[in-house]
K.L.:
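Handing you this structure, nothing more for now.
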Amino acid sequence: MAKLPKRSEDYSGWYNELVKSADLAENSAVRGCMVIKPYGYSIWEKMQQELDRRFKETGHSNAYFPLFIPKSYLSKEASHVEGFAKECAVVTHYRLKNSPDGKGVIVDPDAKLEEELIVRPTSETIIWNTYKNWVQSYRDLPILVNQWANVVRWEMRTRLFLRTAEFLWQEGHTAHATQQEAEAEAQQMLEVYADFAENIMALPVLKGVKTPNERFAGAIDTYCIEALMQDGKALQAGTSHFLGQNFAKAFDVKFTAKDNKLDFVWGTSWGVSTRLMGALIMAHSDDEGLVLPPNLAPIQVVIVPIYKTEEQLNAISEKVNGWKKELIKQGISVKFDNRDTQSPGWKFAEYELKGVPIRIAIGPRDLENNTCEVARRDTKEKFSVNGDEIVQLIPELLKKIQDTIYQKALSFKNQNTIEVNSWEEFKKAIDTKGGFISAHWDGTSETEEKIKEETKATIRCIPLNNKQEAGKCIFTGNPSKERVIFALNY
RNA sequence: CGGGGUGUAGCGUAGCCCGGUAUCGCGCUUGGUUUGGGACCAAGAGGUCGUAGGUUCGAAUCCUGCCACCCCGACCA
C-alpha cells in the first residue's frame, strides 16, 4: 500500500490520497462526479441518521420533490437565478434512437422537450411552487419539510467531497405565518447543525451570519457554521437561510391570517451536504490516515488475533466472541478480523488508515495472562488491559476518544483564531498560518471585494452575538463597529 | 473556461529527448515456511502503452484532435 504524502509537505495531495486509499470515494467515469464507496457511504449514513433524528425532534418531516425543475421556475426569483444560472445542467430531449450509421445511439431530434428541464441545483423553486397549493390559511402553517436528495451544480473545478458536480445533501424548506417564527426557525436549525458538528463530528464551529456578498441568492439572511481545517483554511460546514417573503412573492404563496388579512408566507431553507465528509477528514486525520470520531466510525472497535496454531486461534476466538457479544449488546460496532490472509502488522496499518478508533490485539501471551493490548487511534497510545475489564472499558474509552478528538480540534481552532489591527498584520497572517482572522471592516462590499482581490481571503462570517467594539477598518481605515472573521476558504 | 503538468498491468513507476511492440516494485495466483507493527522463498498469470487520427517499412516514443486527473487562475448561493 502506497504511503500517504505528509500533510506538512503536500496537504492537498495528502487529502486526495487519503480519500482514495481509505476507501471513502473515487472519481467516476463522469467528469466531476464521484463514486462514494461503501466505507465512505457508511460514514455518510451515520451522519444522516444523526441529523435526521434531530430534524424529526424539532418537528420536521421528510418528503421528496422532483429532480427536474421547469426552466421557467428558476427565473422567478431574480437574485436566485443569477446565483445558479451559470452552473445548471439542462435536459433538452427525452429520447434516444439508433444512430443511422449503426454505431451506438444519438439524441432523437424529434424528441425535443417543449420546456427544458433543469436538474435541481437546489429545490426552492419547485418546492415553493408546490407550497402555493398547500397553503390557504394560517391553519396550514407552518410547513416543516426536509428532503434528502442529490443536486447538481456544474462546477469547473472539482475535488472529492469538497466540491463535486453532483452531491448528496439534505435541504429543509419551511413556511411560516410570521417573520419572527421564520427567523427563529433559521436560527434553530443553525443550532442543530452546530450541535451535530460538535457532538457527533467532534468539529468545533464558529456560528455567524454571512455578509451580503456571501449570502445565498434569494435570502435575506444566511447563517452559517464555519470550521477550521488543519491547513488553516476555513470550510463552510452548513448554512441556514431566512428567506423572508422572497420566494412566497415569486411563487405567489399567500395565506389568510387570523385577522382575515391576506399576506405572503415567510420562509427558510437550510442544508448540509457530503462536503461534511471533507470537513471530517481534514479536521482530524493525520499522516497515518483517517482519524474518525467514535460517533461516526463505521467500525468502532477492531479486534486482531495473533496466533500460530489453530488451537490458539480457537482459544482467542472463544474469548473474543464473548467480548463481541457484550459490546454489540451495548450498541458498539465491533469487527473481529480473523482473516488468515493478512498478517497482524498489515491489519494494524490498514485499520489506522481507515481511522478505526480502538484496536484490540490478542495473542498467546495475552491468553496466558488474561489480557489484551488496546491501542487508541487518536493518541496512538497502547496499553495492556485485563480481559475481564475490557467490556466495561471500551464504552468509556470511546467517549474519551470522542472528547479528545474534539478538544484537540478546539484548541487548534482557538490557537488559530487571531485578532489583527493593521493591514500588514492581516497580510502576514494570511500568508503564514492562515486561520480565523478577526479584524475590523468598514461594512462595505467594495472593501470586502478589494481585500479578496489582494489576499484571496473572504469574510467567512460575522459571529453571532458579536461583541460591539469601535475600531478602524484594516483596509480603508474607515470607522467600524465590530470585528468580522476573515479566512482563506474551501 | 485560460495557463502548466500528467496518463505505460489492480496500484506506483522506468523507457520517450535520440522510433525497432515494454522495465522494476507492490499487489494477484499456486506451493511451502511464517504471524506481538505493512513476513519470506520459489514458480506463475496479467499490458488495445488514456483515446482517435496522422507521419513512417515500423510509434509507448514524433505530430494533431479529444478524454480524464493534478497544480495555478477565473468561477463557486
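On a predicted model such as this, the values are computed, not experimentally measured, just so you know. Order of the sequence lines sets the chain letters (A, B, ...), proteins ahead of strands, with each chain counted from 1.
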K.L.:
Could you report the tightest heavy-atom contact between A/R339 and A/Y307, atom names first, then the distance?
P.N.:
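That closest heavy-atom pairing would be O-OH, 4.3 Å.
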
K.L.:
Heavy atoms only, 4.0 Å cut-off, all strands: where does A/R359 land among base, sugar-phosphate and nothing?
P.N.:
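Base: the residue A/R359, judged by heavy atoms under 4.0 Å, touches a nucleobase.
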
K.L.:
Can a donor-acceptor pair be found between the side chains of A/E448 and A/T458 at a distance below 3.5 Å?
P.N.:
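On atom types as modelled, these side chains do not qualify, holding no pair under 3.5 Å.
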
K.L.:
Mind checking A/G271 for me? I need base, sugar-phosphate or nothing, with any heavy atom below 4.0 Å counting as a touch.
P.N.:
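It contacts nothing in the nucleic acid.
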
K.L.:
If I pick the P atom on B/rG58 and the same atom on B/rU21, what distance separates them, to the nearest angstrom?
P.N.:
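The same atom, P, in both gives a distance of 15 Å.
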
K.L.:
Does the side chain of A/T268 pick up a donor-acceptor pair with the side chain of A/T174 at under 3.5 Å?
P.N.:
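Yes - a donor-acceptor pair under 3.5 Å links their side chains.
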
K.L.:
Give me, pair by pair, the N or O atoms of the protein and of nucleotides 30-32 of chain B that are less than 3.5 Å apart, along with how far apart they are.
P.N.:
none

K.L.:
Could you tell me how far B/rG5 sits from B/rG65 if I compare only their P atoms? Round to whole Å.
P.N.:
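To the nearest whole Å, 14 Å.
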
K.L.:
Please write out each protein N/O paired with an N/O of nucleotides 39-44 of chain B under 3.5 Å, distance rounded to 0.1 Å.
P.N.:
residue	atom	partner	partner atom	Å
B/rA39	OP1	A/S343	OG	3.4
B/rA39	OP2	A/S343	OG	2.6

K.L.:
Please check if any side-chain donor atom of A/S384 sits under 3.5 Å from a side-chain acceptor atom of A/E373, or the reverse.
P.N.:
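Judged by distance alone, the side chains do not pair up.
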
K.L.:
Say we look at B/rC17 and B/rU61: how far apart would their P atoms be, to the nearest angstrom?
P.N.:
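Result for the P pair: 9 Å, nearest Å.
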
K.L.:
From the list B/rC76, B/rG38, B/rC71, which nucleotide is the closest neighbour of the side chain of A/R163?
P.N.:
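Looking only at heavy atoms from C-beta outward on A/R163, the closest nucleotide is B/rC76.
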
K.L.:
Could you go through A/E214 and A/R460, starting from their C-alpha distance and side-chain angles, then the distance that decides it, and tell me whether this counts as salt bridge (Lys or Arg N to Asp or Glu O under 4.0 Å)?
P.N.:
CA-CA 8 Å; A/E214 301 278 327; A/R460 299 324 302 150; 3.5 Å; yes

K.L.:
Taking for each residue the nucleotide of RNA chain B with the nearest heavy atom, is it A/R215 or A/K308 whose nucleotide lies nearer the 5' end?
P.N.:
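Result of the comparison: A/K308.
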
K.L.:
For A/D52 and A/W148, which I'm curious about, is there any donor-acceptor pair between the side chains at under 3.5 Å?
P.N.:
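The criterion, which ignores hydrogens and geometry beyond distance, is satisfied for A/W148 and A/D52.
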
K.L.:
Expressed in whole Å, how much space separates the C1' atoms belonging to B/rG7 and B/rA45?
P.N.:
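Nearest-Å result for B/rG7 against B/rA45 at atom C1': 25 Å.
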
K.L.:
Answer with base, sugar-phosphate or nothing: what part of the nucleic acid does A/T222 contact at a heavy-atom distance below 4.0 Å?
P.N.:
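If one applies the 4.0 Å heavy-atom cut-off, A/T222 turns out to touch nothing in the nucleic acid.
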
K.L.:
Of the nucleotides B/rG38, B/rC69, B/rG36, which one has an atom closest to the side chain of A/A349?
P.N.:
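Selected nucleotide: B/rG38.
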
K.L.:
When the nearest nucleotide of RNA chain B is assigned to A/N16 and to A/P121 on a heavy-atom basis, which residue is associated with the more 5' position?
P.N.:
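Taking each residue's closest nucleotide, the earlier one in sequence belongs to A/N16.
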
K.L.:
Please check: side-chain N/O of A/R275 versus main-chain N/O of A/L162, any donor-acceptor pairing under 3.5 Å?
P.N.:
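Yes.
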
K.L.:
Is there a side-chain contact between A/E9 and A/W14 (heavy atoms, below 4.5 Å)?
P.N.:
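No - every pair of side-chain heavy atoms lies 4.5 Å or more apart.
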
K.L.:
What's the spacing between A/L144 CG and A/E185 CD if we round to 0.5 Å?
P.N.:
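Answer for the CG-CD pair, A/L144 versus A/E185, is 5.5 Å.
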
K.L.:
Name all residues meeting the salt bridge (charged side-chain N to carboxylate O under 4.0 Å, His left out) criterion together with A/E171; count only those two or more places apart in sequence or in a different chain, and write none if there are none.
P.N.:
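With sequence neighbours excluded, A/E171 shows a salt bridge (charged side-chain N to carboxylate O under 4.0 Å, His left out) to no residue whatsoever.
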
K.L.:
CE of A/M156 versus C1' of B/rC71: gap in Å, rounded?
P.N.:
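Answer to the nearest Å: 18 Å.
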
K.L.:
Could you list the residues that satisfy side chain to side chain donor-acceptor pair (under 3.5 Å) with A/K20, not counting sequence neighbours?
P.N.:
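Testing A/K20 for side chain to side chain donor-acceptor pair (under 3.5 Å), a comparison that skips the adjacent residues, returns none.
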
K.L.:
Looking at the base of B/rG37, is there any donor atom on it, or on the side chain of A/K382, that sits under 3.5 Å from an acceptor on the other one?
P.N.:
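When only heavy-atom distances are counted, A/K382 does reach the base of B/rG37 through a donor-acceptor pair under 3.5 Å.
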
K.L.:
Whole angstroms only, please: what is the CZ-P distance between A/R157 and B/rC71?
P.N.:
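It is 6 Å, rounded to the nearest whole Å.
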
K.L.:
Answer with yes or no whether A/E352 presents, from its side chain, a donor or acceptor under 3.5 Å of a partner atom in the base of B/rG37.
P.N.:
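Donor-acceptor pair under 3.5 Å: yes.
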
K.L.:
What is the distance from CG of A/L353 to P of B/rG37, rounded to the nearest Å?
P.N.:
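After rounding, the reported distance stands at 19 Å.
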
K.L.:
So, A/S79 and A/E77: side-chain donor and acceptor under 3.5 Å apart, yes or no?
P.N.:
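Short answer, yes.
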
K.L.:
For the side chain to side chain contact (heavy atoms under 4.5 Å, CB included) test, which of A/N16, A/V35, A/N27, A/I281 pairs with A/L160?
P.N.:
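Going through the options one by one, the only one that passes is A/N27.
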
K.L.:
Quote, to the nearest angstrom, the P distance that separates B/rG47 from B/rG38.
P.N.:
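About 33 Å, rounded to a whole number of Å.
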
K.L.:
Rounded to the nearest angstrom, tell me the gap between atom CG in A/D366 and atom P in B/rU35.
P.N.:
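Answer to the nearest Å: 16 Å.
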
K.L.:
Quick one: do A/W441 and A/F475 satisfy ring pair (Phe, Tyr, Trp, His ring centres under 6.0 Å)? Show the steps, please.
P.N.:
CA-CA 7 Å; A/W441 161 62; A/F475 189 76; over 10 Å; no

K.L.:
Determine the Euclidean distance between corresponding P atoms of B/rA14 and B/rG50; express it in Å to zero decimal places.
P.N.:
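B/rG50 and B/rA14 have their P atoms separated by 13 Å.
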
K.L.:
Rounded to the nearest angstrom, tell me the gap between atom OH in A/Y490 and atom C1' in B/rC71.
P.N.:
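Value for this atom pair: 14 Å.
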
K.L.:
Taking A/D195 first and then A/R54, would you say they form a salt bridge - that is, a charged N and a carboxylate O separated by under 4.0 Å?
P.N.:
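The answer is yes: the pair qualifies as a salt bridge.
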
K.L.:
When the C1' atoms of B/rA60 and B/rU23 are considered, how many whole Å apart are they?
P.N.:
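Result for the C1' pair: 13 Å, nearest Å.
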
K.L.:
Requiring both pairing distances under 3.5 angstrom, list the stems that contain RNA chain B and are made of three or more consecutive Watson-Crick or G-U pairs.
P.N.:
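Counting only runs of 3 or more consecutive pairs, the stems involving RNA chain B are B:1-7 with B:67-73, B:10-12 with B:24-26, B:28-33 with B:39-44, B:50-54 with B:62-66.
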
K.L.:
For nucleotides B/rU8 and B/rC69, find the distance between their P atoms and express it as a whole number of Å.
P.N.:
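Each nucleotide's P atom is 14 Å from the other's.
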
K.L.:
Describe the nucleic acid contact of A/Q342 in one word from base, sugar-phosphate, nothing, applying a heavy-atom distance below 4.0 Å.
P.N.:
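If one applies the 4.0 Å heavy-atom cut-off, A/Q342 turns out to touch nothing in the nucleic acid.
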
K.L.:
Specify the separation, in whole Å, of atom CZ of A/R159 and atom P of B/rC70.
P.N.:
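Taking CZ of A/R159 and P of B/rC70, I get 8 Å after rounding.
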
K.L.:
Nearest 0.5 Å, what's the OG-CD1 distance between A/S75 and A/I118?
P.N.:
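If I round to the nearest 0.5 Å, the distance is 9.5 Å.
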
K.L.:
Whole angstrom is fine here: how far is it from CD1 in A/I306 over to C1' in B/rG36?
P.N.:
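Distance check: A/I306 CD1 to B/rG36 C1' gives 4 Å.
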
K.L.:
Does anything in residues 235-252 of chain A come within less than 4.0 Å of RNA chain B? Heavy atoms only, and list the residues if so.
P.N.:
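When residues 235-252 of chain A is checked for heavy atoms under 4.0 Å from RNA chain B, there are no hits whatsoever.
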
K.L.:
Counting only side-chain heavy atoms from C-beta out, which of B/rA68, B/rG36, B/rU35 sits nearest to A/R365?
P.N.:
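The answer is B/rG36, which lies nearest to the side chain.
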
K.L.:
A/E166 CD to B/rC76 P: how many Å, rounded?
P.N.:
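Answer to the nearest Å: 22 Å.
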
